[in-house]
Structure formats: structure tokens, C-alpha cells
Amino acid sequence: MPSTSAVSFQDIIVASQRIASCVRHTPLTRSDALSERAGQPVHLKLEHHQTTGSFKLRGATNAVLSLAAEEKRRGVVAASTGNHGRALAYAARAEGAVATICMSRLVPKNKVEEIRRLGARVHIVGNSQDDAQREVDRLVREEGLVAVPPFDDARVIAGQGSLGLEIFKDCPEVATVLVPLSGGGLASGVAAALKAINPAIRMIGITMERGAAMKASLDAGKPVAVVEEESFADSLGGGIGLENSFTFAMCRDLLDDVVLLSEGEIAAGMRHAYSIEREVVEGAGAVGIAALLAGKVVSPGSVVAILSGRNVDMEVHRRVVNGATALAGKDPA
């Protein structure tokens with residue numbers, strides 16, 4: 001298993017410089033309501049204001065800009081739960097390359113349509129991220145496409161780490177960072193950046209109870225497969241890969257804790273974001289807020305919660321705002 005040093009602080013600095021003209025330095029704002037509740041200053045990193053609606057543009061852009069001209073000509077391919085696919089389609093188009101995005105049937109229709117709008121080829125395969133990844137492997141093997149993984153890739157992790165540099169620049173007193181946790185690309189990159197600057201900063205991964213692959217893997221001491229389930233936090237679904245090369249080790253070594261949330265708690269986070277903070281975020285983007293509301297995080301000092309994405313099905317968002325605590329047809333959790 002590669003060591004944490006596989007993605008260095010210098011890699012993150014270089015990535016930040018490489019992508020600076022292609023991504024936004026997103027705002028960091030204080031939440032008075034959450035600060036009062038937490039008893040400490042709470043700031044929200046509004047990464048859902050990123051150009052493609054999520055943090056994924058950072059890693060995808062760094063990966064695409066790192067490719068040789070011949071690789072861009074062949075085209076890029078990735079498995080995605082939606083946001084990475086959207087980011088890769090955008091980044092590839094900007095460089096004159098064609099992106100192919102493989103997704104399972106669990107990916108919301110709004111995310112699929114946006115990826116198609118950006119000019120990518122779309123393959124819908126199976127009912128899990130693992131099924132989509134097998135299609136990626138086939139396309140790499142048979143068509144010679146260049147894989148740009150959604151999280152387990154040094155270039156992608158370094159790109160996501162640029163977000164950590166922004167957090168420290170805008171809030172150098174930060175004591176705890178709440179980061180959405182799925183495959184671990186965002187958590188690994190942000191933690192590598194911030195821990196290199198100040199090892200005392202606490203990094204807390206936040207994810208859903210249903211199909212939390214990284215949490216199950218950390219508990220098992222190795223990457224394991226989980227059953228992928230529907231969730232308000234659909235962007236956090238999918239496995240981490242049994243042959244995981246980077247993010248498992250980095251999350252193991254750099255995260256101080258992992259917090260699990262019920263569907264009802266995630267919905268509460270989305271409602272708070274909308275009604276109090278005036279921000280529309282998807283379930284995955286609301287998990288930091290949700291963890292604070294549920295009292296599952298205690299910090300000795302300033303907190304930054306990363307609002308990672310806004311690409312929510314607006315019908316789902318409407319139902320959540322109106323009080324839904326579970327997806328249609330599911331029992332409340």
C-alpha cells in the first residue's frame with residue numbers, strides 16, 4: 001500500500017498553480033446560526049459555487065492538464081456518480097478532448113443530462129459504481145481511452161488539495177475541517193494540504209450510513225466492497241476499489257475521525273442550508289452542516305464545513321425543504 005507521501009504538499013502546490021486560471025477560489029463565509037449552536041466560530045466553504053457545481057473540477061482539471069497531447073487526442077474516460085463526470089466533461093472540452101463518462105442507473109437524471117450537454121459520451125451500466133468501473137476498464141482496453149479516476153489518482157487528489165490551501169489562506173485559525181467522504185479524493189487532498197501546514201488541524205470525514213465504503217474499509221483495515229444504496233447523499237455512493245492505490249492509505253493516516261449520518265440528518269442539513277444559509281446544496285454537500293446540527297462533532301476551535309456540491313435534483317430538494325426525511329419509497333432513517 002503506497003504511503004501518504006505518494007501525494008506530497010509540493011504536488012498540491014504545483015496543482016494549485018496549474019489550475020488557478022481554470023477554477024474559482026470559492027468563498028468562505030461565517031455562519032452565525034451554526035456558530036451559536038456549536039459554541040465555536042463555524043465557517044462554510046462554498047465549494048458548490050465552483051464552475052461545474054462541485055469541487056470535482058479541481059481534480060479533473062489538474063488531471064487533464066497533466067496529460068500529453070497524444071493522450072488528449074485519444075480521449076478520456078471515467079466512472080462517476082455524476083459530479084466527477086460533469087467536471088471531466090467540462091475540463092476535457094476546454095482542452096479539445098472527448099470525455100466518455102460511465103455511470104450506474106443510480107445516478108440522478110439531472111446529472112446525466114448535464115454531462116451530455118457538455119458534449120461527453122455517456123454509458124449507463126449496471127446498478128453500482130463498480131459496474132460503471134468495469135465499463136471504464138473495457139473502454140481503456142478496447143478503445144485506448146485514457147482513464148481519469150474520480151478519486152484514486154494522484155493528479156486528482158493533488159487538485160482537490162488546492163481547496164485545503166484556500167481554506168487555510170482564508171481561515172488560518174481553523175481547528176477542525178468537516179469534509180464529505182466517499183472514495184476519499186477530497187478528504188485525502190484537503191487533509192494532506194492542511195496537515196502539512198498544521199498537523200494539529202482535525203480532519204473529520206462525514207458520510208452517510210447507507211453504503212459508506214470508506215468507513216467500512218477503514219474499520220476492516222483494508223478496502224472492502226459494500227452494497228451501494230440510494231441516499232440523499234448520492235454523490236457519496238460507490239466503492240473505493242479493492243485495489244485502491246492512494247485514498248485508503250491517506251484517509252487511514254490523515255483523518256482523525258469519520259462520522260456517519262442518517263438520511264433524516266442529511267435532509268436536515270439540506271433544509272438548514274436552504275432556509276438559514278440561503279444555499280442550495282445536494283445531500284453530499286450538506287453533510288458537514290448536518291453533523292453539526294446532529295451534535296456529532298465537537299471542536300476545540302474554529303470549524304470549516306465544506307459544502308462540496310449543488311447538483312441536486314430540484315424535485316428531491318423541494319421535497320426535502322418541505323419536510324421529507326427519506327427518498328421516495330424508503331422508510332425514514
Side-chain angles (χ1 to χ4, degrees), residues 19 22-24 26 46-64 75-129 131-133 135-136 139 145 147-151 156 159-160 163 180 182-183 185-186 228 230-238 270 273-274 279-287 306-321 327-328:
I19 69 176
C22 304
V23 304
R24 295 173 180 167
T26 51
L46 306 184
E47 187 62 13
H48 62 301
H49 289 191
Q50 193 54 257
T51 305
T52 58
S54 85
F55 73 94
K56 290 287 191 177
L57 186 61
R58 297 173 183 269
T61 299
N62 190 49
V64 170
V76 295
V77 62
S80 175
T81 53
N83 286 335
H84 176 65
R86 183 171 179 169
L88 185 60
Y90 183 96
R93 186 173 71 171
E95 289 296 301
V98 175
T100 300
I101 310 302
C102 303
M103 294 173 282
S104 81
R105 296 184 183 93
L106 295 181
V107 175
K109 182 179 178 181
N110 68 298
K111 294 185 177 182
V112 176
E113 291 175 346
E114 179 60 18
I115 290 168
R116 284 200 175 103
R117 187 190 69 79
L118 288 168
R121 298 194 305 167
V122 171
H123 290 210
I124 306 297
V125 182
N127 295 306
S128 72
Q129 186 83 333
D131 291 335
Q133 184 57 50
E135 178 68 358
V136 169
L139 291 170
L145 302 186
V148 179
F151 53 87
V156 169
Q160 318 304 25
L163 195 155
S182 179
L186 178 63
E228 193 169 339
E230 289 186 324
S231 170
F232 283 129
D234 57 271
S235 295
L236 302 185
M270 295 172 70
Y274 182 73
E279 301 288 346
V280 174
V281 294
E282 57 189 278
V287 294
I306 299 172
L307 277 56
S308 57
R310 68 164 183 256
N311 299 321
V312 62
D313 182 320
M314 292 309 295
E315 174 57 26
V316 171
H317 190 269
R318 183 192 65 78
R319 290 195 294 104
V320 168
V321 169
L327 289 167

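Model, not experiment: these values are computed from the prediction. Computation of the quantities below employed the complete heavy-atom set of this structure, encompassing side-chain atoms and omitting hydrogens, waters and symmetry-equivalent molecules.
With contacts defined as side-chain heavy-atom distances shorter than 4.5 Å, the pair Arg58/Gln50 qualifies. The shortest distance between side-chain heavy atoms of Ile124 and Ser104 does not fall below 4.5 Å. Counting heavy atoms from C-beta outward, Val156 and Val148 have side chains that approach closer than 4.5 Å. Contact check for Val280 versus Val312: side-chain heavy atoms found under the 4.5 Å cut-off. Ile101 has its side chain within reach of Leu88: a pair of non-hydrogen atoms, C-beta onward, lies under 4.5 Å apart. The shortest side-chain heavy-atom distance between Val98 and Arg93 does not fall under the 4.5 Å cut-off. Considering only heavy atoms from C-beta on, Met103 comes within 4.5 Å of Val112 through its side chain. A heavy-atom distance below 4.5 Å is found between the side chains of Val77 and Cys102.
Between His48 and Glu282, the side chains place no donor N or O within less than 3.5 Å of an acceptor N or O (distance only, hydrogens not considered). A donor-acceptor contact closer than 3.5 angstrom links the side chains of Lys111 and Ser235. Glu47 and Ser308 are not linked by any side-chain donor-acceptor pair at a separation below 3.5 angstrom, with hydrogens and angles left out of the test.
Looking at Arg105 and Asp131, no side-chain N of the basic residue comes within less than 4.0 Å of a carboxylate O on the acidic one, giving no salt bridge. Under 4.0 Å is where a charged nitrogen must lie from a carboxylate oxygen, and between Glu113 and Arg117 no such pair does.
At distances below 3.5 Å, not a single donor-acceptor pair connects side-chain atoms of Asn311 with backbone N or O atoms of Glu114. The backbone N or O of Arg310 lies less than 3.5 Å from no partner atom in the side chain of His49, so there is not a single donor-acceptor pair.
Few gaps surround CZ on Phe151; more than 12 heavy atoms of other groups in view lie less than 6.0 Å from it.
A distance of 8.0 Å separates OH of Tyr90 from OG1 of Thr61, quoted to the nearest 0.5 Å. Here CG of Leu236 is found 5.0 Å from OG of Ser182. Values are rounded to the nearest 0.5 Å.
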